**Student:** 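Dropping a structure here in structure tokens format, bear with me for questions.
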Amino acid sequence: MNVSDTVLLEVRLFTTAPGTRDEFHRVSRDGTIPLMRKCGIDVLAHGPALNDDDTYYLVRAFESEEDRVERGQSLYTTPEWLNQYEGPVTAMMADHRTAVIRVPREAAEALTAP
């Protein structure tokens with residue numbers, strides 16, 4: 001398989017502070033996810049995990065590690081992120097983990113299929 005037939009899939013798992021996941025989801029759905037997309041980040045899926053009350057997931061796709069770093073930096077340095085979201089989002093997060101894997105492009109596209 002050629003690298004051009006693949007994408008980097010970034011899977012983030014957030015542990016939200018107890019009782020904050022609904023607000024974390026609202027802020028994500030209405031604010032941070034649209035901002036990510038405005039910055040050119042391909043958000044494939046996000047939402048509350050089904051297996052516990054404090055986990056939230058975010059799945060994003062990038063062309064390369066350089067693309068992932070550049071787009072992330074472009075997001076986290078915007079005035080909108082810094083002024084509106086950084087403080088509240090960080091306050092709701094107890095922990096987070098990130099895994100980056102290379103997957104076939106079709107697999108990533110399937111995540112966004114209705």
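These numbers come from the heavy atoms of this one structure, side chains and all, not from hydrogens, waters or symmetry mates. Quick note: residue numbers are just sequence positions, from 1. Here the structure is a predicted model, which means the values were calculated and not measured.
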**Student:** Determine the minimum heavy-atom distance between C39 and R71, stating which atoms define it.
**Tutor:** O-NH1, 3.6 Å
**Student:** Between OG1 of T6 and CD of E106, what distance do you get to the nearest 0.5 Å?
**Tutor:** 10.0 Å
**Student:** Is a donor on one side and an acceptor on the other found under 3.5 Å between the side chain of T78 and the backbone of W81?
**Tutor:** yes
**Student:** Return the CZ to OG1 distance between R21 and T55, rounded to the nearest 0.5 Å.
**Tutor:**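 One finds 7.0 Å between CZ of R21 and OG1 of T55.
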**Student:** Write down the atom of S74, the atom of T77, and the distance for their closest heavy-atom approach.
**Tutor:** O-OG1, 3.6 Å
**Student:** For residues L75 and V11: do they belong to one hydrophobic cluster (side chain heavy atoms under 4.5 Å, members Ile, Leu, Val, Met, Phe, Trp, Tyr)?
**Tutor:**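 L75 does not cluster with V11.
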**Student:** Do E86 and Y76 come within less than 4.5 Å of each other through their side chains, counting heavy atoms only?
**Tutor:** no
**Student:** In a check of side-chain contact (heavy atoms from CB on, under 4.5 Å) between I41 and each of R68, R60, E10, which one passes?
**Tutor:**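 One option only clears the test, and that one is R60.
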**Student:** Give a yes or no on whether V27 and I33 share a hydrophobic cluster (residues Ile, Leu, Val, Met, Phe, Trp, Tyr; joining criterion: side-chain heavy atoms under 4.5 Å apart).
**Tutor:** yes
**Student:** State the CG-CG distance between D42 and L8, to the nearest 0.5 angstrom.
**Tutor:**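 Here the interatomic distance stands at 12.0 Å.
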**Student:** Are V103 and L13 linked, directly or through intermediate hydrophobic residues, by side-chain heavy-atom contacts shorter than 4.5 Å (ILVMFWY only)?
**Tutor:** yes
**Student:** State, with a plain yes or no, whether a side-chain heavy atom of L58 is found less than 4.5 Å away from one of T32.
**Tutor:** no
**Student:** Please check: side-chain N/O of T20 versus main-chain N/O of A17, any donor-acceptor pairing under 3.5 Å?
**Tutor:**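 Yes: the side chain of T20 pairs with the backbone of A17.
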**Student:** So, does R12 use its side chain to make a donor-acceptor pair with the main chain of H96 at under 3.5 Å?
**Tutor:**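 No, R12 side chain to H96 backbone: no donor-acceptor pair under 3.5 Å.
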**Student:** At what distance, to the nearest 0.5 angstrom, does OH of Y56 lie from OG1 of T15?
**Tutor:**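 One gets 14.0 Å once the value is rounded to the nearest 0.5 Å.
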**Student:** If every non-hydrogen atom of V43 is compared with every non-hydrogen atom of R37, which pair is closest and at what distance?
**Tutor:** O-NH2, 3.0 Å
**Student:** Are the side chains of R105 and D5 in touch, meaning some heavy atoms are under 4.5 Å apart?
**Tutor:** no
**Student:** Once rounded to the nearest 0.5 Å, what's the spacing between atom OG1 of T16 and atom CG of D54?
**Tutor:** 4.5 Å
**Student:** Quick check on the hydrophobic clustering: are Y57 and L9 connected, directly or via other members, by side-chain heavy-atom contacts under 4.5 Å?
**Tutor:** yes
**Student:** Using a 4.5 Å cut-off on heavy atoms from C-beta on, say whether the side chain of Q84 contacts that of L35.
**Tutor:** no
**Student:** Can you give me the closest heavy-atom contact between E63 and R102, atom names plus distance?
**Tutor:**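 Closest heavy-atom pair between E63 and R102: O-NH1, 4.4 Å.
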**Student:** Please report the interatomic distance CE(M92) to CZ(R26), rounded to the nearest 0.5 Å.
**Tutor:**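 M92 CE to R26 CZ: 7.5 Å, rounded to 0.5 Å.
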**Student:** Under a 4.5 Å side-chain heavy-atom rule over Ile, Leu, Val, Met, Phe, Trp and Tyr, are M36 and V59 clustered together?
**Tutor:**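 Result: no, two separate clusters.
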